[in-house]
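Read the numbers this way: they start at 1 and go in the same order the structure lists the ligands and their atoms. Keep in mind the model is a prediction, meaning the values are calculated, not measured.
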Amino acid sequence: MKLSENFGILHIVPYTILPPWQLKESGVTSESAYWNRRHFLKSLVTVGIGASLIPLTGCNKSDKQLTALEATYKNLPSLKRLPTNPAFAKVDRPIADQAIASSYNNFYEYGGSKSIWPAAQALPTENWKVEVSGLVKNPKTYDLDDLKKFPLEERIYRFRCVEAWSMVLPWIGFPMRALIEAVEPTSAAKFVRFTSFYDPAITPGPGFHLGALPWPYTESLRLDEMANELAFFAVGIYGRELPKQHGAPIRAVLPWKYGFKGAKSIVKVEFVAEQPATYWHTLVANEYDYIANVNPKKPHPRWSQAREKFISTGPDLSWDWKETLPYNGYGEYVAKLYG
Ligand code: MTE
């Protein structure tokens, strides 16, 4: 059955509904379990992932595209042998196939479709610097080596996009609280603002304009949210450093909030006194609120949030319909912030 729906944040994308995929035990650790050429090839055919960027006229081209996708992360430095935090070692759903997760992304700096992974390879990650500044006692500009000195660990988190699709992803990184402890915000700091890399010569944007898009991409948290145990900076995924399409070399991961709160490719972290403007809220305030906690009872104007399309692995890029949980299932950690 074919379905045309308003699926992308700002797009109409045609999709094919496939039979529900039967849940299997997940392979949490082995790279070969994440990476399945057959799944990827089938997904290209089934939903046209990447087809808009590289026309597929035969198996060879699909194979080439697959090899190119694989190269976006197979050569990245390994972050294996890091401990998995036992509190976040498992969820009740399988981890997404890596080929799916790394070719089905939102990164509007590189385009408005889910197939931005080839375009995102233009992101220049060498000599990356993150300026941490504002209302802090110890401002500092961190390079990637500095960031990797924070206590890195793996966390398997649910990921829920406001567009009502979801996955489970194995991030590697460190709690945001560790950065708070290092830079020591002053008592005047009440919010944090994350700014993503932006250079119009490199980041073409989605190719459409709703007025002027408010680049650079910025997101924000209250300071108590940032200090929560769940709030995480990811520098890796699937046992390696982050591929560019996932927001290399450092991005925010906030599993109780909709995915758009997780700014990618962060260049600046500022501690501020007033609630800052954020990208999607500035663009369409009635669709993307500042807090953006996953809430099945609060429908988005274009998507009911009661259920979600859980995308995982399986013989094709198929999904299961699942009930959405308040705070994406993380209420025991964060509900107290909103009481
Ligand atoms: N960060 C930047 N800089 N630009 C973006 O377009 N998209 C957000 C978020 N972070 C976005 C971003 C949205 S809408 C989602 S759902 C997630 O990134 C997607 O993360 P993923 O592609 O790694 O799954």
Are side-chain N/O atoms of [X] and [Y] paired as donor and acceptor at under 3.5 Å?
| X | Y | value |
| --- | --- | --- |
| Y217 | W280 | yes |
| W256 | Y338 | yes |
| Y290 | S220 | yes |

Examine ligand 1 and decide if any of its atoms is less than 4.0 Å from a heavy atom belonging to [X].
| X | result |
| --- | --- |
| G247 | no |
| E219 | no |
| F159 | yes |

Next item on the list: Would you check the N or O atoms of W171, main chain and side chain alike, for any that come under 3.5 Å of an N or O of ligand 1?
Entry: no
Output the list of atoms in ligand 1 that are nearer than 4.0 Å to some heavy atom of [X], sorted by atom number.
| X | result |
| --- | --- |
| H246 | 21 (P), 23 (O) |
| R251 | 17 (C), 18 (O), 20 (O), 21 (P), 23 (O) |
| G262 | 9 (C), 10 (N), 12 (C), 18 (O) |
| N105 | 21 (P), 22 (O), 23 (O) |

Item checked: N105 vs K114, side chain to side chain donor-acceptor pair (under 3.5 Å): CA-CA, chis, key distance, verdict -> CA-CA 5 Å; N105 303 98; K114 294 283 176 285; over 6 Å; no
Next item on the list: Measure from atom 8 (C) of ligand 1 to every heavy atom in Y217, W165, F107 and give the option owning the shortest one.
Entry: Y217
Check: Quick one: salt bridge (charged side-chain N to carboxylate O under 4.0 Å, His left out) partners of R222, sequence neighbours excluded?
Finding: D224
Margin query: For Y110 and F107, take the angle between the two ring planes, folded into 0 to 90°, and tell me which bin it lands in: parallel under 30, tilted 30 to 60, perpendicular over 60.
Written below: perpendicular
Check: So which bit of E163 gets within less than 4.0 Å of ligand 1, heavy atoms only: side chain, backbone, both or neither?
Finding: neither
Next item on the list: Please name the residue in the list W128, F150, F174 that meets the ring pair (Phe, Tyr, Trp, His ring centres under 6.0 Å) test with Y142.
Entry: F150
